[in-house]
2 protein chains.
Amino acid sequence: MLGMTNYPDNGGHTLTGIRDLARHLDISIGTVSRALNNKPDVNQDTKSKVLKAAAELGYVPNQAGRALSKGRTNVIGFVLQTDSEGMMQGDLFFIRVFDGMQSVLTQHGLNLVALLSPSTVDPETYLKQIVARRFTDALVLSSIHRNDARISYLSDQNLPFATLGRSLTDVGQPWLDLDFDGVVEDAIHRLIAKGHRKIALALPRSDLNLRHIMVESYRRNLARSGIEVNEDFIVETDAGDNGGVTLVHDLIELNPRPTAVIYSDHILPFGIYRGLAENGLTPGQDLSLIGVGTRLASLLTPNLSHYRFNLFDLGVRIAEALLPTMQDRPFSDPAKIIRESVPYTFIDGDSIRDMA
Amino acid sequence: MLGMTNYPDNGGHTLTGIRDLARHLDISIGTVSRALNNKPDVNQDTKSKVLKAAAELGYVPNQAGRALSKGRTNVIGFVLQTDSEGMMQGDLFFIRVFDGMQSVLTQHGLNLVALLSPSTVDPETYLKQIVARRFTDALVLSSIHRNDARISYLSDQNLPFATLGRSLTDVGQPWLDLDFDGVVEDAIHRLIAKGHRKIALALPRSDLNLRHIMVESYRRNLARSGIEVNEDFIVETDAGDNGGVTLVHDLIELNPRPTAVIYSDHILPFGIYRGLAENGLTPGQDLSLIGVGTRLASLLTPNLSHYRFNLFDLGVRIAEALLPTMQDRPFSDPAKIIRESVPYTFIDGDSIRDMA
DNA sequence: CGATTCACCGTAAACGTTTACGACAACATT
DNA sequence: AATGTTGTCGTAAACGTTTACGGTGAATCG
């Protein structure tokens, strides 16, 4: 294929390389490149002449050539994982985060792409391919597990990255996280304030660190309030559509029966509402609900009490955490590494009964 | 940065180039490359020796070098658009489609990435950047508008692409679409069979071609059944959370009041259910509902009658439609261009009242 | 006025691959 | 034995950039 561009000259626009641009201006390639990259040692006049011509001819630097020469691709990957059901932790979630990240990264000339490990391929090998090919300059990992081999792997491979979520596997990388710890704490205190003592915690079956963080927060904050933890109250939910329905089934058979449940999945409440209805029970009356939700929460009747996060800002923060790691490898100055939880907002509803 | 790799040698794994591999085997770079690419003119023995060594040393070809040499990047872009609210037509939708596409493309050594035009940037310029930089070998466009300038643009730029949706702007490119036409047709016939005559059509305010297709199908099929179209029955819904709620408000004030509504947004029914409840009305009783849904539909009580699509298969078909266009540009053989609607499945529920 | 500095620019090497071309040995054909 | 064929491999150019280095002329200095 030598000497043959892949896209045949169609008489219309011809792809312009830096060489054509240089010929057209009758100056050398090097100067053109320097002008475009705004290097100091080039005359202001020629600089503007080059920029003008580039705009006119629609010149845009070829990424492959650039990447090869600079050793950087200017591509950032946002790695998403689908679970066994092909569903993602995130769905609605991720779009906003992505948007927030992109708003920052574009200002630095970086392109953000979403990478979804296919359900037909082992996520590990998928990640390894991306890394080994040096497809991206940096990665953001989501769906972080309690122990996450990907973290040490990326560290070994010396690829800059940040994680959306904490992990026990910690190499000092920057991370952002949603304050699920705080959510559970706040939820428990709210419930207790309204007279609840039998509080269940419903979490999806997974090894996401998120789950562990919430369980730990649950135990800690109950203990702090002098309430003994009933292990039966920590229930696992199915990922399926009617995880909420079966959850209700499980809960109402418990003895004693919990009066409130803290959830973490924004779809789950829909199933819970349905499950309660099927049993002639009323949400917020026979069972109080509080947990993390999304916009969808406002579609439930009675109104769902829930916590929200500003996902766009989260994306912005992730990008800001990622950028320094790309200039300064490895994570040299721990003081400058951003590692923080973004705060929640509580949206009051009618799903918490006052037991007093 | 010449001669300095961007990722410092960390004493651990060193990135292996083809040159190192060749030195290690004591054969030429050319032969190694040919062996790796399984070219005919290389001895079987050396071929396996090279492959073995490559596996051992963890050699993976550098994408930038490859792209520069071959003029192809092996990257396919799936372009997604967010609307003004930052929400996407798709959300849950797109993950499955993506997965289906990827399952096919990986078999051809192609990498699929999702590209989201940032809400802070004009989608047009975003697309132009991608194209001009030759970042991808091909693109898939979604959220197709009735007249979509992106289509003619990509055609002018001679970049292979397919669209997820039809458009009046048609350059002979392959497209896949969901059979929304058929959905409306089937829905109308079902409703009429159950005695409905006053059938509303609720669609989000947008210029997506999807909207026009459904409206046309609505008019055509009502006319075919001898029912006059009441223009008031074609209502626009808000994109916001409670679009369903306000929709109900609008509908029940109509005179005559429709007995059924066909919807297209899978979130909308949640709002409709809520809106009905707020007015003391019962879904499926006081207002019949039928339209396109997702897994979420199964969380509504009473059960929502709706249509589903196999989104994974849709993704597979898109990939299959895209592949030929990449080898054979432009769309030379119209007979071979895949352009089709994927069929729906009807899921029966309790949201359609029998008026007889 | 000669020497030095400075601003600007051209030259060419380098990034990591692929591949056209030619070279060479082994072997088969007359 | 000369010629042709085949299988295998090395050489080097090419892809489109970036950038270190050196060169040129003009301005500045002693």
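Below, chains carry the letters A, B, ... as their sequence lines are ordered, and counting in each starts from 1. These figures come from a predicted structure and were not determined experimentally.
Contact between the side-chain N/O atoms of Arg19(A) and the OP1/OP2 oxygens of dT17(D) is not found at any separation under 4.0 Å. Distances shown here put every side-chain N or O of Arg72(B) at or beyond 4.0 Å from the OP1 or OP2 atom of dC15(D). Using a 4.0 Å cut-off, no side-chain N or O of Ser69(B) falls inside it from OP1 or OP2 of dC15(D). In this structure, Arg134(B) does not reach the dG16(D) phosphate: none of its side-chain N or O atoms is under 4.0 Å from OP1 or OP2. Distances shown here put a side-chain N or O of Tyr59(B) below 4.0 Å from the OP1 or OP2 atom of dT17(C).
Contacts of Asp45(A) classified as side chain to side chain contact (heavy atoms under 4.5 Å, CB included), with partners at least two apart in sequence or in another chain: Asn43(A). Applying the salt bridge (charged side-chain N to carboxylate O under 4.0 Å, His left out) criterion to Lys128(A), with sequence neighbours excluded, gives no partner residue. For the salt bridge (charged side-chain N to carboxylate O under 4.0 Å, His left out) test, no residue two or more places apart in sequence or in another chain qualifies with Arg19(B). For Arg317(A), the salt bridge (charged side-chain N to carboxylate O under 4.0 Å, His left out) criterion is met by Glu320(A), Glu340(A), not counting sequence neighbours. In terms of the side chain to side chain donor-acceptor pair (under 3.5 Å) criterion, residue partners of Asp148(A) (sequence neighbours excluded) are, by chain and number, Arg150(A). For Asn37(A), there are no side chain to side chain donor-acceptor pair (under 3.5 Å) partners at least two apart in sequence or on another chain. Partners of Asp177(A) according to the side chain to side chain donor-acceptor pair (under 3.5 Å) rule, which considers only residues two or more places apart in sequence or in another chain, are Arg166(A).
Axis deviation across the helix from dC1(C)-dG30(D) to dT30(C)-dA1(D) amounts to 60°, comparing end segments of five pairs, rounded to 10 degrees.
Of the candidates dC15(D), dT18(C), dT17(D), the closest approach to any side-chain atom of Ile18(B) belongs to dT18(C). Here the nucleotide nearest the side chain of Lys70(A), chosen from dT19(D), dT17(C), dG10(D), is dT19(D).
As rounded to whole Å, 13 Å separates atom P of dT19(D) from atom CG of Leu68(A). The distance from atom CG of Leu25(A) to atom C1' of dG10(C) is 15 Å, rounded to the nearest whole Å. dG23(D) atom P lies 22 Å from atom CD1 of Ile27(A), rounded to whole Å. When rounded to the nearest whole Å, the span between CD of Gln63(A) and C1' of dT17(C) equals 18 Å. Distance CG (Asn62(A)) to P (dT17(D)): 5 Å, rounded to an integer number of Å.
For Lys47(A), the NZ atom counts as densely surrounded, since its 6.0 Å shell holds more than 12 non-hydrogen atoms of other residues, nucleotides or ligands.
Contact detail for Pro160(A) and Asn158(A): the closest heavy-atom pair is CD-O, 3.7 Å.
Remark: Gly30(A), Thr31(A), Arg34(A), Asp41(A), Val42(A), Asn43(A), Thr46(A) in residues 29-46 of chain A come within less than 4.0 Å of DNA chain C through at least one heavy atom.
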